[in-house]
Chemist: 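Have a look at this one before I ask anything.
Just so it is clear: chains get the letters A, B, ... in the order the sequence lines come, proteins before strands, and each one is counted from 1. The basis for the numbers below is simple: all heavy atoms, side chains too, and nothing from hydrogens, waters or symmetry mates.
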Amino acid sequence: MTAGIPNSSTSTAPDDEDAGRLPAYVPADIEPRWRAAWETANVSGSELADGEEGTYVLEMLPYPSGTLHMGHVKNYTMGDVITHFRRRNGATVLHPMGYDSFGLPAENAAIKTGGDPLEVTEGNIKGIEQEFDHMGWSIDWTRTLATHRPDYYRWTQWLFLRFFEKGLAYRKDAPVNWCPKDQTVLANEQVVDGACERCGTIVEKRSLNQWYFRITDYAQQLLDDMDLLEQWPERVLTMQRNWIGRSEGAHVSFHQRDLDQAIEVFTTRPDTLHGATFFVLAPEHPLVGALTRGTGNEQVVSDYVEAAAKLSNIDRSNAERDKTGVDTGRTITNPATGEEIPVWVADYVLPDYGAGALMAVPAHDERDFAFAKTFGLPITRVVASAPGAEDELPYTSKEGVLVDSGDATGQSTTDGARAIVDRFEDAEFTVNYRLRDWLLSRQRYWGTPIPIIHCDECGVVPVPDDALPVLLPQVDDYQPKGQSPLAAAEDWVKVRCPSCSSWAKRETDTMDTFVDSSWYFLRYADSQNGHAPFDREVVDRWLPVDQYIGGVEHAVLHLLYARFFTKVLYDLEMVGFREPFASLFTQGMIYKDGAKMSKSKGNVVPPLPTVEQYGADALRLYVLFLGPPDQDAEWQDNGIGGTRRFLDRLWRYVHGVARLEAAGDSIVGSPSLDELRADATAHELAAAAHEATKKVTADIGPRMHFNTAIAALMEATNTGTKLLGSRADDAPAIVDVSHRYLAQTIVGLVQPFAPHIASELWSVLGGDAVWAQPWPTFHEAYVQRATITLAVQVNGKLRGQVEVAADIDEAGALEAARANEHVAALLEGTQSVKDIYVPGRLVNLVVRPA
RNA sequence: GCGGGCGUGGCGGAAUUGGUAGACGCGCCGGAUUUAGGAUCCGGUGGGCACUGCUCGUGGAGGUUCAAGUCCUCUCGCCCGCACCA
């Protein structure tokens, strides 16, 4: 025995020691013992040899609110299986874990209990560490991080300053999403169905001066580099593509006489310019006031603008709603026709898409059509499916020819668009994106302080690198009140300007927590670095992440932000790769009683009590056995009993095998094929071992179908148990050797899923350190039997089975099939049409009545 | 409306390439053990029937093929994402 590996006999209760009785499987006895052994053996260490490229397996880090739930258990167990599997196939694997520990839940919990967010967070982390400990996941804890600790957020601030220097972090006045409950602004990505992603409150619009990341600069790269993401689920790529919302079209400037000013619109249909019969501004458009002045419509328009501002996002974006709007009393010149067309203000025009204004072509756009009908505005057809066709309006198809469109008349819509854009100086083709810049500032306490100083003389001044971290100050009141609680820390706010040394004020907003989690995967690779967030050389050896696993709910949040950060860091030459996650797996959720597990529904199954009752190994197996890992699954209380019974059966089988004297008392090599061919039972056992190896290897590796891998292990255990039960007292030695071989193969294969029991049973079989054993290899020769069973079909229907020699030829197989009594009877009085022979599988005799 | 995905026993799900549909587990039924219950172990378990066998059967309707859960056409239902995006 090597140091640190406990003796398995300690699990044997005294009254089990008499001969003939097996020690009982008591997970609580063996599991802590083996976890201690792994720690001593440094199983989870991840040190690279000189010149070695590492393998990086990563799961999305938890938010430390309360305890872990079954979704985490599934997520981290999947990552753990892959970690062990790759490790045993020779890779050095980085498998780290940390805490995404800034954010609203801890802060709100602290406000509720009158506590301190820091204490609440650190307390939660302590509790979760307990849970991590009990699950036996192989995690390199020497690399752990928590985003709320200064040794981490110092570098979040440092990275912010690099973005600031590049003009990628900036401040602007803009309409923003405001959550009235959490009293803070939100990013577009954090508004779901018009409501705050965190608390579900309907968000309001406010015009505020806020900090943004210029993610829109990277819109096209974020789309283009999806080519590198072959190992990502199509669903996630589609969601990101929709979110970025690229559309090709043209900018066209319309001239307004009274203001003598051009107003720009974006259109995807420049070919329909001649059909623009009116013009619409968003209520928030900056020219609304100036344009209306002196028309007599001032009051009506300003009332409308005010009403629009009060509408919730949900009401505003409801397409079913009747169109509303008001006439400004002004006109604008259609550059194609030279006609003066009326300018309206309407809330179906969104302020933050395109130019916040549009040319309305009611004949060929449903929304413009509805608006024209409501307000009696003219409708002019400029596209027809064929020359002269009187299509029903609105005719919105892009297929067709232009009519009544000046020189472009008769051209296809595509050619016409080009001709029209070419003709007018004030029109040019352009690409527009739906993606907006990422609003990163928050008016809340529990977040990374933005390292900026506001000076009356110098303006916005970055905190110098050597003054980082800007520590989060202590405050007495965390209550959100529309401005950051940090503003109350007057001593902290008041600071000398780094540039001119006069008194200045610190920025009091904090960063969105998604900033923290946009680079954590880089820090793990170089977590102890004290002079930089990470070293490029080190990071390039581990990243991109080989396998990332997490929930699909982050498709347009974390996963988009992390891609953006990586691209910026690539451009800053801080990393040598453009995509952070080479392969992404999105796991399904675990439901119970048809609903998501939640405290309010009372259907939560907490991990720790389940471990106490069934053992960590049974729970690990069960969450993966539930179904394909990318699908949602229903937790069934009885189900985990099934995986526990499997472990009990495996335990009995391995202990039974360990007592077979003829099998020896240590790990054996593969029995020779010659020996196996002499004994059918021995051959069955060795074949079962190899079949399981083939299935489990393929299921963990390329397919990630852990449920069927576990099923294969159950099957192999059932085969072994059955053959051990029917073993004759005078069985030849090769049978016992084969039992030992099957037992050690199953234990070796089950190790990534159930590492505790595997460690124990491996030592019962006389081996050391199952976690360090090479992964079993599959050999086809072992599963090939002397005889095989062929299915016999007559006219495609199964009519019998025949046992034939494995190396039989087609003629022999057909003969054997016809010789089958039942088949022969069916063939009587028929004439052969065709014989089909699929080697190793079946014979199909196609006949017709004679 | 646009995009992505899914429909197989009482339930969760299997079936890498078209080749014996229902692996594995839950549940259920029977047996052993037990004073009993529970637990455990062993066996059975898609439906129907004139039950050594036949027949129906992968949401539905067609088609291709010797052979279809798998390929093609149409269709029904469910889930998820985006959506007044010009």
Chemist: Counting only side-chain nitrogens and oxygens, does Asn718(A) get under 4.0 Å of the OP1 or OP2 atom of rA23(B)?
Modeler: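 Negative; the distance criterion is not met.
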
Chemist: I'd like the P distance from rG38(B) over to rC29(B), given in whole Å.
Modeler: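 Taking atom P in both rC29(B) and rG38(B), they lie 11 Å apart.
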
Chemist: Only counting residues at least two apart or in another chain, list the ones meeting side-chain hydrogen bond (donor to acceptor under 3.5 Å, both in side chains) with Asp630(A).
Modeler: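 Partners of Asp630(A) under the side-chain hydrogen bond (donor to acceptor under 3.5 Å, both in side chains) test: none.
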
Chemist: Taking the same atom, P, in rA23(B) and in rG13(B), what whole-Å distance lies between them?
Modeler: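 Taking atom P in both rA23(B) and rG13(B), they lie 15 Å apart.
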
Chemist: Measure all distances between protein nitrogen or oxygen atoms and nitrogen or oxygen atoms of nucleotides 18-22 of chain B, and list the pairs falling under 3.5 Å.
Modeler:
residue	atom	partner	partner atom	Å
rU20(B)	O2	Gln801(A)	NE2	2.7
rU20(B)	N3	Gln801(A)	NE2	3.0

Chemist: Please tabulate, one pair per line, each protein N/O and nucleotide N/O from nucleotides 43-47 of chain B that are separated by under 3.5 Å, including the distance.
Modeler:
none

Chemist: What residues, two or more places apart in sequence or in another chain, satisfy salt bridge (Lys or Arg N to Asp or Glu O under 4.0 Å) together with Asp322(A)?
Modeler: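 For Asp322(A), no residue satisfies salt bridge (Lys or Arg N to Asp or Glu O under 4.0 Å) once neighbours in sequence are set aside.
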
Chemist: Set out, line by line, the N/O atom pairs under 3.5 Å between protein and nucleotides 12-16 of chain B.
Modeler:
residue	atom	partner	partner atom	Å
rG12(B)	O2'	Leu626(A)	O	2.7
rA14(B)	OP1	Asn707(A)	ND2	3.3
rA15(B)	OP1	Arg703(A)	NH2	2.9

Chemist: Tyr348(A) ring centre to Lys323(A) NZ or CZ under 6.0 Å, with the angle to the axis within 45°?
Modeler: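 Yes; both conditions hold, so Lys323(A) lies above the ring face of Tyr348(A).
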
Chemist: For Asp391(A), enumerate each residue passing the salt bridge (Lys or Arg N to Asp or Glu O under 4.0 Å) test, keeping only those at least two apart in sequence or located in another chain.
Modeler: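 Asp391(A) satisfies salt bridge (Lys or Arg N to Asp or Glu O under 4.0 Å) with no other residue.
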
Chemist: Quick one: list whatever passes side-chain hydrogen bond (donor to acceptor under 3.5 Å, both in side chains) with Asp617(A), sequence neighbours left out.
Modeler: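 Result, side-chain hydrogen bond (donor to acceptor under 3.5 Å, both in side chains) vs Asp617(A): His756(A).
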
Chemist: From CG of Leu624(A) over to C1' of rG25(B), roughly how many Å is that when rounded to an integer?
Modeler: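 After rounding, the reported distance stands at 14 Å.
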
Chemist: Check side-chain hydrogen bond (donor to acceptor under 3.5 Å, both in side chains) between Thr380(A) and all other residues, then give those that pass, not counting sequence neighbours.
Modeler: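 Thr380(A): no side-chain hydrogen bond (donor to acceptor under 3.5 Å, both in side chains) contacts found.
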
Chemist: My understanding is that only residues two or more places apart in sequence, or in another chain, count here; which of them pass salt bridge (Lys or Arg N to Asp or Glu O under 4.0 Å) with Asp835(A)?
Modeler: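 For Asp835(A), the residues satisfying salt bridge (Lys or Arg N to Asp or Glu O under 4.0 Å) (neighbours in sequence not counted) are Arg818(A).
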
Chemist: Counting only side-chain nitrogens and oxygens, does Arg645(A) get under 4.0 Å of the OP1 or OP2 atom of rG25(B)?
Modeler: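 No, outside the criterion.
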
Chemist: Considering residues at least two apart in sequence or located in another chain, which fulfil the side-chain contact (heavy atoms from CB on, under 4.5 Å) criterion with Glu815(A)?
Modeler: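 Scan of Glu815(A) (side-chain contact (heavy atoms from CB on, under 4.5 Å), adjacent residues dropped) gives none.
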
Chemist: Name every donor-acceptor pair, under 3.5 Å, that has one atom in a side chain of residues 841-850 of chain A and the other anywhere in the protein, sequence neighbours excluded.
Modeler:
residue	atom	partner	partner atom	Å
Asn844(A)	OD1	Gly796(A)	N	2.9

Chemist: In chain order, what residues pass the salt bridge (Lys or Arg N to Asp or Glu O under 4.0 Å) check against Glu248(A), with sequence neighbours excluded?
Modeler: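 Salt bridge (Lys or Arg N to Asp or Glu O under 4.0 Å) check on Glu248(A) returns Arg246(A).
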
Chemist: Going by a 90° cut-off around 0, is rG9(B) syn or anti?
Modeler: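 With its glycosidic angle within 90° of zero, rG9(B) counts as syn.
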
